[in-house]
Amino acid sequence: MPMQPRERLAYSAIEGRPKLKFPDGVRMVIWPVLALEEWDISRPMARMVISPPQGQPMLPDHPNWSWHEYGMRVGFWRMKKMLERVGATPTVTLNARVCETYPQVVQACVDAGWELNAHGYEQIPMHKLDDQRASIIKSMDMIEKFSGKRPRGWFGPGLTQTFDTLDYLSEAGVEYIGDWVLDDEPVTLKTAHKPVVALPYNFEIHDIVLMALQHHPSDMMYVRAMDQFNCLYAESAERPKVMAIACHPYLSGVPHRIGHVERTFKEVLSKPGVVSWNGAQILDWYLAQTK
Amino acid sequence: MSSPMLPRERAEYSAIVDRPPLKLPDGARVAVWTIVNLETWDISRAMPRQVLTPPMGQPLLPDVPNWGWHEYGMRVGVWRFFELFRELGVQCSAAVNGKMLEDYPRIARGIKEAGWEFLPHGYEQMPMHKVEDQPAAIRRTMDVIEGITGSRPVGWLAPGMTQTLETMDHLAAAGIKYTGDFVHDDEPSTIKTVHGPMVTVPYTFDMNDITIMALQHHEGKHFYERGVDQFEQLYKEGEKRAKIMAIPIHAYISGQPHRFVHLERLYRFLKRPGVVFMSGAEIYEWYKKTAPQMA
């Protein structure tokens, strides 16, 4: 029987927990996450911006396929320039198949020195895979082959996992995940193999949640992110805080949103003691702290 | 017969940074493509969109409340568009169901008098997946338009942007030269069909009043705010390469008084140096001339 989430991680209140410490000069870490996906035209699309007339879903769903494709043809390149302008170094989490279908995009990430993190093989829930273990290994191998480095981190497509997933991930060499949004600090999860660290990700400053699901106006990314930041920044005087900002090229990379995403990064990174780290950097810091 | 091409086979992946920039006429930075969608909603079927669900939520036929909601656009809303765009000199594409032109001859006359492009939008407002004979429906829509204008339309915009894997081939066979059904770029692109190349003119869901208002339920003023954000980014990038900004609107949505004020505000904002207002057919003709190797 695989472990339940509660068995992998005992409950712990942040109050009274021993304090972690960032290196001198660092007070708070921004963790930008950029997700690159492969939407297979033969299946329902991962998200929809438009439903067909009369509302019944139809296959092939070309309108929504093409909506996502804009992110890869145009949006990614706009986001790349923006992230470089503001000095943000993202973790790029990608469906491994993107290495085959959009090699130019992945190569640009490698050339920029951005961390590659595995995001499954294609954009479908882990629950729907016939052989999770094989699919995870394949994803890790493909990204390693393309970039020369085995990914250290993992995000499940849609953050999904079954009770077994973490054991397969650990076996395949994954050291950290972003799928558990349950804390402001990294935590260590038990698996059947080596432990896996869950880095503090969130569904709050996340463009799918904000824009595609909650349908907020374009400037809400900035407004909410600043509220979130101001709270965490104040608390970071007491203990280290990490704030993840999750973006997808088909959402954050469109003209009417990009300016709001840019001013978000610019403003938070301009505060004293705030730095941009990728997942691997946060992991290495946490591992050194807990040795 | 071999199986039809997949979208990826029709439209190979291309990164915008790898393409030579295009230039708009007269040094313009942004071409605004306004699409006025005009449909006919068949009372015998479920309505294409709903503003109001019946008490207890179960859909019922006939759906008179939502039929009447759409009809307001045809009786009142569209006439606001005609007046505003005449005053500002905005060229539009009227995306029309073929049957709409038969059901509303008064509107057909209005489009003709305004000098807008007639852009075929299917014969009826239903997904292409549900059309039994696609080639016949495409031809019929083009015939109705030719009967009014005297010439064959060159573009196509599907109801709800739907297509099956075969649709692009049927369109090319019927003589269609460009489609708005690929929202995958800021620039026109050339895709493959079994009957030769087809041009995509960049349409969008991001500035579409159905998406913004009917599906995402934003306030009226968000159309203006999003439009300004969209424009400012494209205008900045338009210094280096031609940018197309599509604005798809529907008379029953943007023609409502509380939304129309924001639409009007947006167009008065867009009316400035460096911006040209073009129909889809004009963008297609420009692309063919500017990028002959691509078209």
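In what follows, every chain begins at residue 1, and chains take the letters A, B, ... in the order their sequences are listed. Everything numeric here is computed off the predicted structure, so don't read it as measured data.
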What part of Ser51(A) is in contact with chain B, defined as an atom under 4.5 angstrom from a non-hydrogen atom: side chain, backbone, both or neither?
-> both

Chain A interface, residue from Asp206(B), Thr162(B), Leu215(B) that has the most non-hydrogen pairs under 4.5 Å = Asp206(B)

Side chain, backbone, both or neither: which part of Ile258(A) has a non-hydrogen atom closer than 4.5 Å to chain B?
-> side chain

Would Thr40(B) and Asn97(B) count as having a side-chain donor-acceptor pair, cut-off 3.5 Å?
-> no

His68(A), part contacting chain B, at a heavy-atom distance under 4.5 Å = neither

Between Asp18(B), Val17(B), Thr211(B), the one whose heavy-atom pairs under 4.5 Å with chain A are most numerous | Val17(B)

Aromatic contact, Trp31(A) with Phe155(A) (centres under 6.0 Å) | yes

Measure centre to centre between the rings of Tyr70(A) and His184(B), then say whether the value is under 6.0 Å.
-> no

Partner chain A: residue of Met128(B), Arg226(B), Gln233(B), Glu237(B) with the largest heavy-atom pair count (under 4.5 Å) = Arg226(B)

Which bit of Gln214(A) comes within less than 4.5 Å of chain B, counting heavy atoms only: side chain, backbone, both or neither?
-> neither

Proximity breakdown for Lys130(B) and chain A, heavy-atom pairs closer than 4.5 Å | side chain

Would you confirm whether the ring centroid of Tyr250(A) sits within less than 6.0 angstrom of the ring centroid of Trp67(A)?
-> yes

Examine Lys99(B) relative to Tyr123(B) and say whether NZ or CZ is less than 6.0 Å from the centre of the six-membered ring and inside a 45° cone about the ring axis.
-> no

Does the gap between the ring centers of His62(A) and Phe182(B) come in under 6.0 Å?
-> yes

From the list Gln163(B), Met161(B), Gln50(B), the residue making the most non-hydrogen contacts under 4.5 Å with chain A is Gln163(B)

Mind ranking Leu165(B), Val183(B), Leu234(B), Ile212(B) by heavy-atom pairs under 4.5 Å with chain A and telling me who comes out on top?
-> Val183(B)

Assert yes or no for the condition that the ring centre distance of His248(A) to His206(A) is strictly below 6.0 Å.
-> yes

